[in-house]
2 protein chains.
Amino acid sequence: MTDETAWTIPSVAIAVDLAVLTVQSGQLRILLVRRGIEPFLGALALPGGFLASEDEDIDTAAARELAEETGLASEQLHLEQLRTYGAPDRDPRRRVVTVCYLALVPDLPLPVAGGDAQAATWVPVDKVLRRGRALAFDHKKIIADAVERARSKLEYTNLGTAFCPPVFTVTELRTVYEIVWGQRLDPRNFHRKVTNVENFLEPTGEQSTKNGGRPAMLYRRGSATVLYPPILRG
Amino acid sequence: MTDETAWTIPSVAIAVDLAVLTVQSGQLRILLVRRGIEPFLGALALPGGFLASEDEDIDTAAARELAEETGLASEQLHLEQLRTYGAPDRDPRRRVVTVCYLALVPDLPLPVAGGDAQAATWVPVDKVLRRGRALAFDHKKIIADAVERARSKLEYTNLGTAFCPPVFTVTELRTVYEIVWGQRLDPRNFHRKVTNVENFLEPTGEQSTKNGGRPAMLYRRGSATVLYPPILRG
DNA sequence: CCAAAAGTGTTATTAATACACCCATGC
DNA sequence: GCATGGGTGTATTAATAACACTTTTGG
């Protein structure tokens, strides 16, 4: 930080945008809102906004936006800073630098479209990334970065469990991996791997009999947040 | 991004700070400047500054600051965004959000203290992180994040070579790993690992005879930027 | 010759992969 | 019983770890 004085500092607006990912109906999906004003009127965009006040912390702003859009508080959910995007022409109106956050959430009943928030919808990321028309600003690039971050974090952390309900089976967790990575995993080897890593899964003692076949053990997320050795995609 | 209009947007200053790491004299070191004004007068701080103009891209601003401080251009050097720090009270004067960048550079002749830049010095990160007094703002935390990012990136990328000169030996590269990780590595296994990964190192055909003992083959950084399987710290 | 550093070979251990097989439920 | 999904055992392969040993220089 240099010693330049305040009068030399250009005026720049700071926004906070959210890339909220979930696994729903066998797809990796992202929460998007339809823009109601120009620019990019009618285009899909990441939910977000400007700081609520000059005193609001940016992490707090992200958590607030997330609660407004999904109704979720910070428990059973993961929120981390992704990256800051600050190309000078990314917003045609004025200079806006946006601090983007990545959130991983379980399959929610639905995003509640209430209050002043726009109606939000879950959109498959495959569709967004392949035919990326109708995406506002540089949000397609942001989504690509968010998805890559999520994919890589599944390799060496327990964040796959953020997509699961509080109590889940090994198969549910494996399905999350398969959907996020777009790749089949051997059920038997995956089972052994995640159950052998110390404190990765915490057995509840309960069983799930929801599907046909032999009942599955139910687990909670364990205390181990890192997975060593990692599960590599290959 | 919401549809709030500009008059609701709080005014926040955006800074760009640099965590420039190098390996020098057997230590991992970071480039720091001594502050000449309040607040934190006389304390060590990361080099950085505000955007040069309202039209300057933040990545460009980081590259410009880096060139000003080190004289290095973007070749034979790595520069990536680290994280954005935006706690409301991190600067007592006014609200400042800083976008921090991580740079990895080879052992330079010296940082040139010329023009309007303050005199910069290389400070061992161990010293900074252990007895972190005299660090301005939240820069100690930023440095800790930068070091952890650098350490983890050595595991699965070729960024260790960013600390090396354009042409280097396997032993020089291993020494970089040992210093950054603070851990000894088996010379033989390391050699086999990095020379076996396809396109990780590009042989020059030349040999180095600088040290005693058998001359070492000289390599350039290869085209492979990711290391699979990774070299894990354990 | 000796010391020092570079590099190869070899073995043991560990982890990943592939797949046969058994287990426990619903119907 | 039979289909279905859950879970274990095991052989194969690949990667890591540990270390003996050879190579090539300088003195």
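No hydrogens, no waters, no symmetry mates; every other heavy atom, side chains included, goes into these values. Within every chain, numbering begins at 1; the chains are lettered A, B, ... in the order of the sequence lines, protein sequences first and strands thereafter.
A nucleotide of DNA chain C counts as in contact with chain B when one of its atoms lies under 4.0 Å from a heavy atom; the first and last such, 5' to 3', are dA4(C) to dT10(C).
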>> Please determine whether side chain to side chain contact (heavy atoms under 4.5 Å, CB included) holds for the pair Phe137(A) and Ile142(A), giving the CA-CA distance in whole Å, both sets of side-chain angles, and the decisive distance to 0.1 Å.
In response: CA-CA 10 Å; Phe137(A) 306 105; Ile142(A) 297 173; over 6 Å; no

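With salt bridges taken as basic N to acidic carboxylate O contacts below 4.0 Å, none links Asp145(B) and Arg149(B).
One finds the CZ atom of Arg221(A) at 10.5 Å from the CG atom of Leu173(A) (value rounded to the nearest 0.5 Å). A distance of 11.5 Å separates CD1 of Ile179(B) from CG of Leu154(B), quoted to the nearest 0.5 Å.
At a threshold of 4.5 Å between non-hydrogen side-chain atoms, the residues Ile143(A) and Leu135(A) count as touching.
Residue-to-nucleotide proximity on DNA chain D shows that, of Pro215(B) and Pro230(B), the 5′-proximal contact is made by Pro230(B). Nucleotides of DNA chain D nearest to Gly213(B) and Val170(A) differ in position, and the one nearer the 5' end is that of Val170(A).
Annotation for Ala136(B) and Ala45(B): closest pair CB-CB, 3.9 Å, computed over non-hydrogen atoms. For Ala19(A) against Leu46(A), the heavy-atom pair with the smallest separation is CA-CD2, 4.2 Å.
For residues 180-206 of chain B, proximity to DNA chain D is found at Asp186(B), Arg188(B), Asn189(B), Arg192(B), Lys193(B), defined as any non-hydrogen atom under 4.0 angstrom from a strand atom.
Atoms CG (Leu173(A)) and P (dG6(D)) sit 13 Å apart, rounded to a whole Å. Taking atom CD of Glu172(A) as the reference point, atom P of dG5(D) lies 14 Å away to the nearest angstrom. Distance CZ (Arg214(B)) to P (dT22(D)): 13 Å, rounded to an integer number of Å. As rounded to whole Å, 11 Å separates atom C1' of dG7(D) from atom CZ of Arg174(A).
Donor-acceptor pairing under 3.5 Å is lacking for the side chains of Tyr85(A) and Asp17(A).
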